[in-house]
Amino acid sequence: MYRERPSRLSGAVVWANTASGSGLVLPDGCMDLLWHEGRLIVAGADTRAQVTEGEEGSWYGVRFYPGSAPAFLGVPAHELRDRRVALAELWPASEVRRLSGRIEGAADLPTALEEVVLERAEAPDPLLRRLVGALDAGRAVGATADELGFGTRQLHRRALDAFGYGPKTLARVLRFRRALGLARAGVPFAQAAARAGYADQAHLARDVKELAGVPLGELLGRR
């Protein structure tokens with residue numbers, strides 16, 4: 001069973017999930033700090049769906065607002081793209097052991113994980129918030145770069161460090177999430193495609209297959 005709530009960290013989400021069997025973790029433009037079986041793990045931003053198998057048990061996480069995790073981790077996002085990495089590979093092992101001990105001894109594991117994040121994290125960069133908001137609204141990358149006062153190459157470098165990939169990939173992932181949300185709400189696929197910014201339903205179908213690895217109808221039937 002999956003559940004989530006807004007975090008006290010601006011734009012972030014605290015979640016918990018009891019996994020059984022295989023599942024799909026879909027691209028969403030975000031990075032997460034995870035707690036599973038006594039381990040702190042960082043989930044980098046994904047460019048494709050990640051299949052979870054043999055990872056049963058209780059998982060807890062803090063999902064950062066897009067672009068805000070690298071400031072907390074001290075690592076550019078592109079170094080963690082499509083990866084799951086133990087926090088001890090990024091931070092001193094002694095510090096990770098101390099934090100792990102705090103979380104493991106807590107009565108409320110998601111809140112304890114959130115407290116660890118709150119001690120170090122910063123509010124999302126306002127400029128990055130504007131970038132995410134513009135792309136999520138379907139604005140073109142070039143026009144968005146102009147509005148933010150960046151050259152296209154400068155924006156690409158900034159996006160690699162913040163999100164793990166360039167702004168065009170971020171825009172594609174956000175468009176995919178918009179369409180998926182509409183389809184899950186019962187909007188017919190052709191209408192969902194048009195409202196999300198796809199050229200047509202076939203364009204949506206191709207994008208879903210590439211990003212999720214399964215057709216849209218099958219994806220909607222999964223957890």
Could you list the donor-acceptor pairs under 3.5 angstrom formed between side-chain atoms of residues 116-129 and any protein atom two or more places apart in sequence or on another chain?
from: Glu119; atom 1: OE1; to: Arg102; atom 2: NH1; distance (Å): 3.2
from: Glu119; atom 1: OE2; to: Arg102; atom 2: NH1; distance (Å): 2.9
from: Glu119; atom 1: OE2; to: Arg102; atom 2: NH2; distance (Å): 3.0
from: Arg120; atom 1: NH2; to: Glu95; atom 2: OE2; distance (Å): 2.3
from: Asp125; atom 1: OD1; to: Leu127; atom 2: N; distance (Å): 2.8
from: Asp125; atom 1: OD2; to: Arg158; atom 2: NH2; distance (Å): 2.7
from: Arg129; atom 1: NH2; to: Ser10; atom 2: OG; distance (Å): 2.6

To the nearest 0.5 Å, atom NZ of Lys209 lies from atom CD of Glu218 at 8.5 Å
Under 4.5 Å between side-chain heavy atoms, hopping through other hydrophobics if needed: is there a path connecting Leu182 to Val214? no
Ala112 versus Ala106, closest heavy-atom pair with distance: CB-CB, 3.5 Å
Do Met31 and Trp15 land in one hydrophobic cluster if side-chain heavy atoms of ILVMFWY residues count as linked below 4.5 Å? no
Report the C-alpha separation of Arg157 and Arg153 in whole Å, then their side-chain angles, then the decisive distance to 0.1 Å, and conclude whether the side chain to side chain contact (heavy atoms under 4.5 Å, CB included) test is met. CA-CA 6 Å; Arg157 290 194 298 270; Arg153 291 183 180 179; 4.0 Å; yes
Below 4.5 Å, heavy atoms only, C-beta onward: do Thr144 and Leu131 meet side chain to side chain? yes
Output every pair passing ring-ring contact (aromatic ring centres under 6.0 Å, His included) with a member in residues 153-189, not counting sequence neighbours, ordered by first then second residue. none
State whether the side chain of Asp46 and the backbone N or O of Ala49 hold a donor-acceptor pair below 3.5 Å, judged by distance alone. no
Taking Arg63 for the side chain and Val13 for the main chain, is one N or O donor matched with an acceptor at less than 3.5 Å? no
How close do Leu160 and Ala77 get, counting heavy atoms only, and between which atoms? O-CB, 3.9 Å
Determine, using the 4.5 Å side-chain heavy-atom cutoff (strictly less than), whether Leu99 and Leu90 are members of one ILVMFWY cluster. yes
State whether the side chain of Arg48 and the backbone N or O of Gly213 hold a donor-acceptor pair below 3.5 Å, judged by distance alone. no
Is there a donor-acceptor contact under 3.5 Å from the side chain of Glu114 to the main chain of Arg8? yes
For a side chain to side chain contact (heavy atoms under 4.5 Å, CB included) with Val14, tell me which candidate from Glu4, Arg5, Arg3 qualifies. Arg5
Would Leu9 end up clustered with Leu87 when hydrophobic side chains under 4.5 Å apart are linked, directly or stepwise? yes
Measuring from Asp82:CG to Gln50:CD, what's the distance to the nearest 0.5 Å? 5.5 Å
So do the side chains of Arg84 and Val25 get within less than 4.5 Å of each other, counting heavy atoms only? yes
Does the side chain to side chain contact (heavy atoms under 4.5 Å, CB included) test come out yes or no for Leu113 and Leu40, once each step is laid out? CA-CA 9 Å; Leu113 182 62; Leu40 283 165; 3.6 Å; yes
So, Asn17 side chain and Trp59 main chain: donor-acceptor pair closer than 3.5 Å or not? no
Any chance you could measure Ile103, atom CD1, to Trp35, atom CH2, to the nearest 0.5 Å? 5.0 Å
Keeping the roles fixed (side chain from Asp32, backbone from Leu34), state whether a donor-acceptor pair exists under 3.5 Å. no
Shortest non-hydrogen contact from Ala212 to Leu219? CB-CD2, 3.9 Å
Distance check, rounded to the nearest 0.5 Å: Leu135 atom CG versus Arg130 atom CZ? 12.0 Å
pair Leu24-Val51: side-chain heavy atoms closer than 4.5 Å: yes
Please round to the nearest 0.5 Å and tell me the distance separating atom CG of Leu204 and atom CG of Leu180. 9.0 Å
Checking His36 side chain against Ser58 main chain: does a donor-acceptor pair fall under 3.5 Å? yes
Those residues at least two apart in sequence (or on a different chain) that pass ring pair (Phe, Tyr, Trp, His ring centres under 6.0 Å) with Phe72 are Phe64, Trp91
Shortest non-hydrogen contact between Ala12 and Val62, atoms and distance: CB-CG1, 4.3 Å
Is Val132 reachable from Leu155 through a run of hydrophobic residues whose side-chain heavy atoms are each under 4.5 Å from the next? yes
Under the side chain to side chain contact (heavy atoms under 4.5 Å, CB included) rule, what do Leu33 and Val42 come out as? Steps first, then yes or no, please. CA-CA 5 Å; Leu33 180 65; Val42 176; 4.1 Å; yes
Which heavy atom in Pro215 sits nearest to a heavy atom in Val208, and how many Å separate them? C-CG1, 4.1 Å
Give the intermediate values and the outcome of side chain to side chain contact (heavy atoms under 4.5 Å, CB included) for residues Val141 and Leu170. CA-CA 10 Å; Val141 171; Leu170 176 62; over 6 Å; no
Is the backbone N or O of Asp28 less than 3.5 Å from a side-chain atom of Arg177, with the two atoms forming a donor-acceptor pair by type? no
Heavy atoms of Ala86 and Arg39 approach each other most closely as CB-NH2, 3.7 Å
Euclidean distance, Glu104 CD relative to Glu37 CD, rounded to 0.5 Å: 9.5 Å
